[in-house]
There are 4 protein chains.
Amino acid sequence: MAKSSKKDDIFAAALTLFAQRGFDATTMPMIADSAQVGAGTIYRYFTNKEVLLNELFQKSIREFLDALKQGFPNEPIPVRDQFHHIFRGLFKFAESDPDRLKFINSTGNALHFHDESKESVNEFMGFLNECIHKGQQQGAILILPTEALMNIVYGAFIHLFEHFNKGLLEATPELMNQLEECLWNAIRVH
Amino acid sequence: MAKSSKKDDIFAAALTLFAQRGFDATTMPMIADSAQVGAGTIYRYFTNKEVLLNELFQKSIREFLDALKQGFPNEPIPVRDQFHHIFRGLFKFAESDPDRLKFINSTGNALHFHDESKESVNEFMGFLNECIHKGQQQGAILILPTEALMNIVYGAFIHLFEHFNKGLLEATPELMNQLEECLWNAIRVH
Amino acid sequence: MAKSSKKDDIFAAALTLFAQRGFDATTMPMIADSAQVGAGTIYRYFTNKEVLLNELFQKSIREFLDALKQGFPNEPIPVRDQFHHIFRGLFKFAESDPDRLKFINSTGNALHFHDESKESVNEFMGFLNECIHKGQQQGAILILPTEALMNIVYGAFIHLFEHFNKGLLEATPELMNQLEECLWNAIRVH
Amino acid sequence: MAKSSKKDDIFAAALTLFAQRGFDATTMPMIADSAQVGAGTIYRYFTNKEVLLNELFQKSIREFLDALKQGFPNEPIPVRDQFHHIFRGLFKFAESDPDRLKFINSTGNALHFHDESKESVNEFMGFLNECIHKGQQQGAILILPTEALMNIVYGAFIHLFEHFNKGLLEATPELMNQLEECLWNAIRVH
DNA sequence: AATGAATGAGTCTTCATTCAT
DNA sequence: GATGAATGAAGACTCATTCAT
């Protein structure tokens, strides 16, 4: 039904290629081929390659943030449950399209980021920081710089998922429960 | 005395540029300029750009491993002390040259890795896995796949250090102690 | 109408330059300028410079062979008349585009020949050998290795034509008749 | 005894490489390696690569001419005997070092020739022309432009010898006699 | 709107030549 | 005199971008 628009095709193709090859090693013709459009067509939707990267990044991280906020309880719930919610949210998003997570976390892209992309990173990180901050206020999470705690959880998660994604380890429900507990133990008050 | 050889100058220049710009966005003239050598000189020491990347990577990760093993007690010591040793080793190495750690963990490079480089990654990860495995045998570390635990610690550390490196947070001795405790809590038996 | 295609323009420019300067002394920008196309355009039609050389060579020698076979009588005619036919064919081809003959006989190219090009040389020489062989069977041509006789005629012709081409001698009809007779005398039975 | 001087070593190495690879495809380091001297040493004897080429060419063609004139009877002998002398001289020279003949006749070199080299070619060709001219005066050789006849003989010979040199045909004494006769028939008065 | 042939600026890499030892 | 490490100018080739169709 939903006829995929050319623009979406380009987004999808670019996402996969940027994730797997990086920005510089991905050529516009590659994207065009993969998206089944002419090379010139990309320029009807994006001013240039860098703009494509930035729009794609902002879209992706926005979707990431939406996915995390999705069904996030506004009402106060135990911090541990919030953490559960976020951890599963991260995982569900990562599973839904591993390339999207990989793309978002590709360090090589930062060189080409416009201010707006940097801002969207801040917004994303701000959300995670805020969650941690609330947990701290409730006395459940250690009183350490929120960004430090956030990077522990996020950094650990990214590396873990990359490992799963390579097929080196299977993300069974049981293992996921255990890993969630590990990360919770890292930041909770003992 | 310590006449820095051209090859070392090239290594140093390439390390910084690869770390900060990535492989593809770094041009050979950039490296030559930064190393204060002619562009052609690089090719006296390295067959091509990719070989330079791989030699640099293998050298860097070998130094990393050496730094971690450096003074690593052969005799059985409490696992917690081993963990302390490794965590401090990671940090000391990272501090000694932040670009070196960033370069080693640049995801974008993998596309250009030769088998030998992949092997050196395995060797490095193997060491960390082994440490975790010993801790498990002593009953101090959770019985989960060692690679999962390793990625938690390593991934968290990398992201943490990157944050420090950006100057967003200061790595005070006290904070480092606390973060070390966090990561230990993530993997220890409770 | 006869819109000369870019590929043909490139072929024509490369032919002249390769003939007059040789493969190595001809740069791709030279070819591009001469063909009035962008340097990158050449690569849309030819994988690289060597492929351009080989395609051009095979095309040229095929045209040469076609020119010689053109109107070549299938029915048995006197060997002397066959010789006449070939000699004039050589000359007509050479005259039609002196660079083409020079290019075909540039010794320097052989270093860069692919197997297919070597094969096309064999095919061409095979035709000339066959002609000589038939003449031998009819008792008109000396019983010597055909390749030796062929090299006499062909080598003499190439040097002769090169001399004409330099403008050092004019190829009058009368002279051509006489030279044809000379070469015939070289290989005929006396 | 005759300690080969560096200069001679360089000449010898360059001769082989220029003959087999051509001027442009031969690098100075190649020549240096082959001559077992340092790359810089070449420049002590030759201003640059082109000068090396020209000096080598002039030396080679002078040797060629000397070889042909060597023992050439000043006194009037039958033209046929003169022809025999020259034909054998060509062959002996070619056999003594096939690369030398190949080098002399490499068409690709002409692009880099200085006037002096062109002059030495003229001198060489002049000698052959003169021989033919004398034969014409004696009524033994056809009255055609001497350069045409010369190119027939010389061009045929070069191609023949190249064929021998490739090992495609063996230059037996008998065959040589026959080929000499062929070429003589090409230019003699019948 | 869509295409893809064409472009040329920019990259990697080679190699003639220099010069400090 | 001899060397070979060092240089940088020049060439092959790629690819982001344009534009005629």
Side-chain angles (χ1 to χ4, degrees), chain A residues 5-7 9-10 23-33 35-53, chain B residues 5-7 9-10 23-33 35-53, chain C residues 5-7 9-10 23-33 35-53, chain D residues 5-7 9-10 23-33 35-53:
Chain A
S5 75
K6 301 249 177 210
K7 185 167 184 176
D9 292 345
I10 294 166
F23 178 76
D24 292 298
T26 299
T27 69
M28 294 299 261
M30 274 180 201
I31 297 171
D33 284 354
Q36 309 228 53
V37 299
T41 303
I42 300 179
Y43 290 87
R44 191 160 291 283
Y45 296 102
F46 305 97
T47 305
N48 58 40
K49 194 183 177 186
E50 209 173 82
V51 165
L52 167 56
L53 174 79
Chain B
S5 77
K6 302 259 176 199
K7 185 167 185 178
D9 293 346
I10 295 165
F23 179 76
D24 292 300
T26 300
T27 70
M28 293 301 260
M30 276 180 200
I31 297 172
D33 285 353
Q36 310 230 55
V37 298
T41 303
I42 300 178
Y43 291 87
R44 183 162 290 281
Y45 297 101
F46 305 96
T47 305
N48 57 39
K49 195 182 175 187
E50 209 172 83
V51 166
L52 168 56
L53 173 78
Chain C
S5 77
K6 302 259 174 200
K7 185 169 184 177
D9 293 345
I10 294 165
F23 179 76
D24 291 299
T26 299
T27 69
M28 293 301 260
M30 275 180 201
I31 297 172
D33 285 353
Q36 309 231 55
V37 298
T41 303
I42 301 178
Y43 292 88
R44 183 163 290 282
Y45 297 101
F46 306 97
T47 306
N48 57 41
K49 195 183 174 187
E50 209 173 82
V51 165
L52 167 56
L53 173 77
Chain D
S5 75
K6 304 249 177 210
K7 185 167 183 177
D9 293 344
I10 294 165
F23 179 76
D24 292 297
T26 299
T27 70
M28 293 299 261
M30 273 180 202
I31 297 172
D33 284 354
Q36 310 228 52
V37 299
T41 304
I42 300 178
Y43 289 86
R44 192 160 289 283
Y45 296 102
F46 305 96
T47 305
N48 57 40
K49 195 184 177 186
E50 210 173 79
V51 166
L52 168 56
L53 173 79

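Everything quoted here is computed from the prediction, not taken from an experiment. Below, read A as the first sequence line, B as the second, and so on, with proteins coming before strands; counting in each chain starts at 1.
- Here the P atom of nucleotide F/dG11 and the CZ atom of C/Phe23 are 14 Å apart, to the nearest Å.
- As a whole-Å value, the separation of C/Tyr43 OH from F/dA16 P is 17 Å.
- A straight line from CG of C/Asp33 to C1' of F/dA10 spans 15 Å, rounded to a whole angstrom.
- The listed nucleotides are E/dT13, F/dC13, E/dT17; the one nearest the side chain of C/Lys49 is F/dC13.
- From A/Phe46, atom CZ reaches atom CG of A/Leu53 across 11.0 Å, with rounding to the nearest 0.5 Å.
- One interatomic measurement links the two molecules: CD1 of A/Ile10 to C1' of E/dT3, which rounds to 12 Å at whole-angstrom precision.
- Minimum interatomic distance between C/Val37 and C/Lys6 (heavy atoms only, all atoms of both residues): CG1-CD, 3.6 Å.
- Note that CD1 of B/Ile10 and OG of B/Ser5 are 8.0 Å apart. Values are rounded to the nearest 0.5 Å.
- With sequence neighbours left out, the side-chain contact (heavy atoms from CB on, under 4.5 Å) criterion links C/Tyr43 to C/Met28.
- Rounded to a whole Å, the CE atom of D/Met28 is 16 Å from the P atom of E/dC19.
- To the nearest 0.5 Å, atoms NZ (D/Lys7) and CG (D/Leu52) are separated by 9.5 Å.
- Between B/Asp24 atom CG and A/Thr26 atom OG1 the span is 9.0 Å, to the nearest 0.5 Å.
- Atom CD of D/Glu50 has more than 12 heavy atoms from other residues, nucleotides or ligands within 6.0 Å.
- Distance, C/Asn48 CG to F/dG11 C1': 14 Å, rounded to whole Å.
- Residue D/Met30 contributes atom CE, which lies 13 Å from atom C1' of E/dA16 at whole-angstrom precision.
- Separating the CG atom of A/Asp24 from the C1' atom of F/dT14 is a distance of 13 Å, rounded to the nearest angstrom.
- Nucleic acid contact class of D/Thr47 (heavy atoms, under 4.0 Å, all strands): none.
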Practice problem: Can you run through DNA chain F from 5' to 3' and write each base as (, ), [, ], | or . depending on how it pairs? Watson-Crick or G-U wobble, both distances under 3.5 Å. | Solution: .||||||||||||||||||||
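- Contact record, C/Ile42 with C/Ala32: CD1-N, 3.8 Å, taken as the closest heavy-atom pair.
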Quiz item: Could you run down nucleotides 2-8 of chain F 5' to 3' and tag each one B, S or - for protein heavy-atom contact under 4.0 Å?
Solution: BBBBBBB
